[in-house]
Novice: 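Here you go, one structure.
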2 protein chains.
Amino acid sequence: MVSGQRGTVGIGEVARAAGVSNGTVSNVLNHPSRVNADTATRVHEAIQRLGYVRNGIASQLRAGTRTTVGSIVLDIRNPFFTDVTRGIEDHLATADFTLMTASSDGDVVREQRFLRLFEEQGVGGVVVVPAGEDVQRLVELAGRGTPVVVLDVSLPGSSLSSVSVDDVEGGRLALEHLLAQGYERIDVVTGAAEVRQTRDRLRGARLACESHGLDPDRVLSVRTARTLDSAGAEEAIGRLVDESGTCPHAVFAMNDLMAIGVQRALRRRELYEPGRTAVVGYDDIDLAAELLVPLTSIRQPTHALGARAAEILLAPASQEAEQVVFQPELVVRESSLGTARR
Amino acid sequence: MVSGQRGTVGIGEVARAAGVSNGTVSNVLNHPSRVNADTATRVHEAIQRLGYVRNGIASQLRAGTRTTVGSIVLDIRNPFFTDVTRGIEDHLATADFTLMTASSDGDVVREQRFLRLFEEQGVGGVVVVPAGEDVQRLVELAGRGTPVVVLDVSLPGSSLSSVSVDDVEGGRLALEHLLAQGYERIDVVTGAAEVRQTRDRLRGARLACESHGLDPDRVLSVRTARTLDSAGAEEAIGRLVDESGTCPHAVFAMNDLMAIGVQRALRRRELYEPGRTAVVGYDDIDLAAELLVPLTSIRQPTHALGARAAEILLAPASQEAEQVVFQPELVVRESSLGTARR
DNA sequence: ATGAAAGCGCTAACAC
DNA sequence: GTGTTAGCGCTTTCAT
């Protein structure tokens, strides 16, 4: 009974069962308006009865339609990318498109391999968080006819569309918040790696100082941690405290994990009480609100980021490249407030 | 110049450029051994020169090969599912398969829609965390020829393969740990919803008591929170403390978020110091180790779960259904230790 | 080792 | 409104 790869039932059997031709069955599926209502009913009954499932592969080959989109992020486990992915998924679902995902781990070779797989699969487009600086391969891909949206990187003037968040503004918001509370000596915890995001956030922090008429170099002390996680930040701030013998008044950490590391460094030294040291993080991870001392943070519209990227891909014809920049948002919680505990 | 849907270059052009026939080009790609080395080189050069990208859709239609797998989880944003997804991705990558993902939000209708889309796309299999109790649709899908692996649910005796983690054992491990430290009054914080996972964990907790010759009903006090998150747990434990005027000695929370809620409830009442109340969570989320008081938790082999599911799908012929049950693991951190702070 | 040709399952033209 | 038929781009017999 098994002839094809799957459940066997093809459009021909449906046609025979309904007493119509293949073309009519196809029309019922794809252009219902062209078909007489009674005929359509008969066809649908036959489809039901036989358990017919359309072969999307054949349909795609013939009609040249695309129903999938690919996405490549650095690591799907990173909540930022997970949220973005969900945003893509959700938008695609509105069009019955389906999402293929892959994690590049920042490895250009892996990225290239997945791009190739996606291209061969005939995806209707890809959204990519580039693994490297060089987007040449992506430009070429787009040139061969696969729409590309670059994520989390802004590419003004590029032929590729991009969707990103304004990191300079994020840094500015964080500092603005601290400055507004009167802090004038602020420690900034960052990582050693030259990541564009942290560079931008730092730049925003400096801008905020300047717009308050303050000299950034006097206000900000940049502490470089070995790693961009809580352990790195804990060590960096711990060292600072141990060496200087003083406790920072205010800290801006480049991400929430580092902010948690800061909290921990101070607590371990019995220096941490709400109201004593203001801490601001970045990313607004889900747990920021759940901590013993809920964390003030910068929230990025991650879901919207993904949704917008998907929207651009599904836009009728790929018109000109579009550069979308979202704005981040300050979320104030207990960790940055100078008031006594609740 | 554009004739097909994409970059135009087809196998025919490559063949002409290399001075061979279509079939030979195909053989170079799919059965290199059948082809003379020189010819192969010529063909590869032509492929390179023309920038030929194989049309996987056509290839799949003709050869009946599958190169994608679908997965449906409740919500990709849940770290448990994200890790599982990465496990699937990683295993698939070893075979140049590609993963399509979808989130059902526990909605059977959404689930069904994605299953349909995947089936039409001709996926080589699906791994599904079922949205409802009923797996009938999945059995039917498998019956039509699409291999199915059910995740996070064990289905002994079913015709479907499944991969899951032993939740009874997880509950047992947690209680065993607390009992071993001499706690004999333990509060268990759970949710109101009748979730299989929590039922099993609770059962494991009772088993641990019994194996210590203790009456579970005397050892365990089950506190039902309104929600399975930190706010729910905070309220439940807060109420307990406020009403009884005493502080629990040991708490087992059904997930890490709830455990954090417990920590917060006690801290808000200035009752929480390490060594005073032992807290054990479940899931071992990334942040468990990062908290002010690092959390003891039960870790599930999430990545392996996904990888194994993918492995089953890619196994040569879909032999008999296979039921894989992984064991969880206790991760001890500061929150459950009776000793004074480090 | 290579070429010629049929056909995977479907859709879109075109006839009627 | 419905039937007929060519063909999407590839892989695979079957010859040679």
Side-chain angles (χ1 to χ4, degrees), chain A residues 2-44 46-47 50-67 119-122 124 144-145, chain B residues 2-44 46-47 50-67 119-122 124 144-145:
Chain A
V2 175
S3 88
Q5 296 306 319
R6 60 172 101 194
T8 290
V9 183
I11 214 171
E13 308 203 24
V14 174
R16 213 172 315 130
V20 297
S21 74
N22 287 13
T24 299
V25 176
S26 175
N27 277 332
V28 169
L29 261 32
N30 303 306
H31 308 280
S33 63
R34 294 187 194 164
V35 166
N36 189 324
D38 302 357
T39 329
T41 310
R42 259 188 7 262
V43 170
H44 276 124
I47 287 176
L50 300 175
Y52 167 72
V53 177
R54 157 221 244 113
N55 183 332
I57 297 294
S59 154
Q60 262 171 260
L61 176 59
R62 175 61 236 242
T65 53
R66 262 80 244 246
T67 60
E119 187 180 9
E120 293 190 354
Q121 290 301 317
R144 283 194 300 271
Chain B
V2 176
S3 88
Q5 297 303 321
R6 60 173 99 191
T8 288
V9 183
I11 213 171
E13 310 202 23
V14 176
R16 213 174 314 130
V20 296
S21 75
N22 288 13
T24 299
V25 175
S26 175
N27 278 332
V28 169
L29 261 33
N30 304 304
H31 309 280
S33 62
R34 294 187 194 163
V35 162
N36 189 325
D38 302 358
T39 327
T41 310
R42 258 188 8 261
V43 170
H44 276 126
I47 287 177
L50 300 175
Y52 168 72
V53 176
R54 157 219 246 116
N55 182 331
I57 297 294
S59 153
Q60 263 170 260
L61 175 60
R62 175 65 237 247
T65 53
R66 265 77 246 249
T67 59
E119 189 179 7
E120 293 190 353
Q121 290 300 318
R144 270 180 262 124

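Chain letters run A, B, ... following the sequence lines, proteins first, then strands; residues in each count from 1. Only heavy atoms go into these numbers, but all of them, side chains included; no hydrogens, no water, no symmetry mates.
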Novice: Any idea which of C:dA4, D:dG9, D:dT12 is nearest the B:Ser21 side chain?
Specialist: C:dA4
Novice: Tell me the interatomic distance from B:Leu61, atom CG, to D:dT12, atom C1', rounded to whole angstroms.
Specialist: 13 Å
Novice: To the nearest Å, give me how far apart CZ (B:Arg16) and P (D:dG9) are.
Specialist: 13 Å
Novice: Output the rounded distance in Å from CG (A:Asn22) to P (C:dT11).
Specialist: 10 Å
Novice: Taking the minimum atom-to-atom distance to the side chain of A:Thr24, which one of C:dG9, D:dG3, C:dT11 wins?
Specialist: D:dG3
Novice: Determine: side-chain N/O of B:Thr39 to OP1/OP2 of C:dA1, distance under 4.0 Å, yes or no.
Specialist: no
Novice: How long is the line joining CG of A:Asn27 and C1' of C:dC10, in whole Å?
Specialist: 12 Å
Novice: Roughly, in whole Å, what's the span from CD in B:Gln60 to C1' in D:dT12?
Specialist: 17 Å
Novice: By nearest heavy atom, map A:Ala58 and A:Ser33 onto DNA chain D; which one lands nearer the 5' end?
Specialist: A:Ser33
Novice: If you check the A:Tyr52 side chain, which of D:dC8, C:dC10, D:dG1 turns out closest?
Specialist: C:dC10
Novice: Less than 4.5 Å apart, any side-chain heavy atom of A:Arg42 and any of A:Thr24?
Specialist: no
Novice: Looking at the side chain of B:Ser59, which of D:dT2, D:dC8, D:dC10 is the nearest nucleotide?
Specialist: D:dC10
Novice: Should A:His31 be listed as having a side-chain N or O under 4.0 Å from OP1 or OP2 of C:dA12?
Specialist: yes
Novice: Could you tell me the separation between the CD1 atom of B:Ile11 and the P atom of D:dG7, rounded to a whole number of Å?
Specialist: 19 Å
Novice: Consider the side chain of B:Arg62, meaning its heavy atoms from C-beta on, and name the nucleotide among C:dG7, C:dG3, C:dC10 that approaches it most closely.
Specialist: C:dG7
Novice: Once you round it to whole Å, what is the distance between P of C:dT11 and CZ of A:Arg34?
Specialist: 12 Å
Novice: Taking the side chain as C-beta and beyond, is there a heavy-atom pair between B:Glu13 and B:Thr8 under 4.5 Å?
Specialist: yes
Novice: Taking the side chain as every heavy atom from C-beta outward, state whether B:Leu29 and B:Val43 have any pair of such atoms under 4.5 Å apart.
Specialist: no
Novice: Applying side chain to side chain contact (heavy atoms under 4.5 Å, CB included) between A:Val20 and each of A:Val25, A:Val28, A:Asn27, report the one that passes.
Specialist: A:Val25
Novice: Using a 4.0 Å heavy-atom cut-off across all strands, classify A:Gly10 as base, sugar-phosphate, or nothing.
Specialist: sugar-phosphate
Novice: With respect to the side chain of A:Asn55, which nucleotide from C:dC10, D:dT11, C:dT2 is positioned closest?
Specialist: C:dC10
Novice: Calculate, to the nearest 0.5 Å, the distance between atoms CD and CG belonging to B:Gln60 and B:Asn55 respectively.
Specialist: 9.5 Å
Novice: Out of C:dT11, D:dC8, D:dT2, which nucleotide sits closest to the side chain of A:Asn30?
Specialist: C:dT11
